[in-house]
Amino acid sequence: NAGVIQTPRHKVTGKGQEATLWCEPISGHSAVFWYRQTIVQGLEFLTYFRNQAPIDDSGMPKERFSAQMPNQSHSTLKIQSTQPQDSAVYLCASSLDSSGNTLYFGEGSRLIVV
Amino acid sequence: QQNVQQSPESLIVPEGARTSLNCTFSDSASQYFWWYRQHSGKAPKALMSIFSNGEKEEGRFTIHLNKASLHFSLHIRDSQPSDSALYLCAVSMSGYNKLTFGKGTVLLVSP
């Protein structure tokens with residue numbers, strides 16, 4: 001079991017460019033979460049999929065952020081027209097979907113917008 | 001809207017000391033309580049969880065939960081330099097596995 005795999009580990013984009021981040025959850029996990037981590041805000045929830053269906057995107061900045069889960073083996077987080085304030089570590093996590101199950105995190109994708 | 005607060009923000013303790021980290025939450029309907037540990041540049045990893053009032057011990061680590069006080073804590077006995085990390089508390093509700101995290105406590109254990 002390789003754990004949650006995230007790519008790329010590091011990405012530098014120019015202001016206004018698009019960034020796509022990828023996540024491969026642990027096989028057999030039906031819940032996939034995206035979080036964003038910064039020094040100032042800590043770990044912030046972005047969005048959640050259950051069995052590939054979007055369940056809760058209440059943390060997503062509405063205009064430029066989108067997430068998809070086209071199949072059970074990967075999810076993507078896309079940021080259009082990136083801004084310096086989007087610079088953060090984006091963390092993907094997966095779990096069995098029942099309440100109280102452990103979330104297993106990937107090591108994250110560090111996005112730097114210059 | 002769940003609000004999770006941690007204290008202190010940072011802590012330096014000598015090797016062998018007992019360390020206490022605190023977490024408060026705002027929603028009394030919260031059901032599941034977690035501590036995660038994150039070493040620098042690494043993924044957050046679940047350390048311990050508790051689902052009912054009281055105390056739970058695993059090795060050098062103990063969680064206390066008091067739902068009436070909206071408070072839970074992590075205690076580390078005989079702290080080691082390898083315990084130096086960012087400690088994150090998290091809370092979730094019944095029926096939904098989404099975790100709301102505090103901003104973390106940075107622990108440094110000096111040899």
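In the text below, chain A, chain B and the rest are named by the order of the sequence lines, each starting its count at 1. Quick caveat: nothing in here was measured; it's all calculated off a predicted structure.
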Colleague: Heavy-atom distance under 4.5 Å to chain A: side chain of B:Q38, backbone, both or neither?
Modeller: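 Only the side chain of B:Q38 comes within 4.5 Å of chain A.
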Colleague: Take atom CD of A:Q72 as the centre, draw a 6.0 Å sphere, and report whether it contains more than 12 heavy atoms from other residues, nucleotides or ligands.
Modeller: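 Incorrect, the count does not exceed 12.
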Colleague: In terms of heavy-atom contacts, does NZ of B:K67 have more than 12 from other residues, nucleotides or ligands at under 6.0 Å?
Modeller: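 Yes, because the 6.0 Å sphere around NZ of B:K67 holds more than 12 heavy atoms from other groups.
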Colleague: Can you tell me which portion of A:I39 sits under 4.5 Å from chain B's heavy atoms? Options are side chain, backbone, both or neither.
Modeller: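 No part of A:I39 comes within 4.5 Å of chain B.
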Colleague: Over all heavy atoms of both residues, which pair between A:G106 and B:A43 is shortest? Give the atoms and the distance, please.
Modeller: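 Heavy atoms of A:G106 and B:A43 come nearest at O-CB, 3.2 Å.
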Colleague: Please say whether more than 12 non-hydrogen atoms of neighbouring residues, nucleotides or ligands are located less than 6.0 Å from CD1 in B:I12.
Modeller: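 No.
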Colleague: Evaluate whether atom CD of A:Q52 has more than 12 neighbouring non-hydrogen atoms of other residues, nucleotides or ligands under 6.0 angstrom away.
Modeller: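 Buried by this count: over 12 neighbours within 6.0 Å.
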Colleague: Taking the side chain from B:N97 and the backbone from A:N101, do they hold a donor-acceptor pair closer than 3.5 Å?
Modeller: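 Judged by distance alone, yes, a pair lies under 3.5 Å.
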Colleague: Just so I understand: if I count every heavy-atom pair under 4.5 Å between each of A:Q37, A:Q6, A:R50 and chain B, which residue has the most?
Modeller: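 Most pairs with chain B among the choices: A:Q37.
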Colleague: So if I take each residue of residues 80-93 of chain A and look for any heavy atom under 4.5 Å from a heavy atom in chain B, which residues do I end up with?
Modeller: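 Within residues 80-93 of chain A, near chain B: A:L91.
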Colleague: Is it the backbone or the side chain of A:R110 that comes under 4.5 Å from a heavy atom of chain B, or both, or neither?
Modeller: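 No part of A:R110 comes within 4.5 Å of chain B.
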Colleague: Looking at NZ of B:K98 and OG of A:S95, how far apart are the two atoms once the value is rounded to the nearest 0.5 Å?
Modeller: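 Here the rounded value is 13.5 Å.
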Colleague: Looking at B:F51, B:Y36, B:F33, which one has more heavy-atom pairs under 4.5 Å with chain A than the rest?
Modeller: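 Between B:F51, B:Y36, B:F33, the count favours B:Y36.
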Colleague: If you look only at pairs with a residue in residues 41-68 of chain A, which of them pass as a ring-ring contact (aromatic ring centres under 6.0 Å, His included), with sequence neighbours excluded?
Modeller: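 Output for this query lists A:F33-A:Y48, A:Y35-A:F45, A:Y48-B:Y96.
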Colleague: Relative to chain B, which segment of A:E44 carries a heavy atom at a distance below 4.5 Å: side chain, backbone, both, or neither?
Modeller: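 For A:E44, there is no contact with chain B at all, as no heavy atom is under 4.5 Å.
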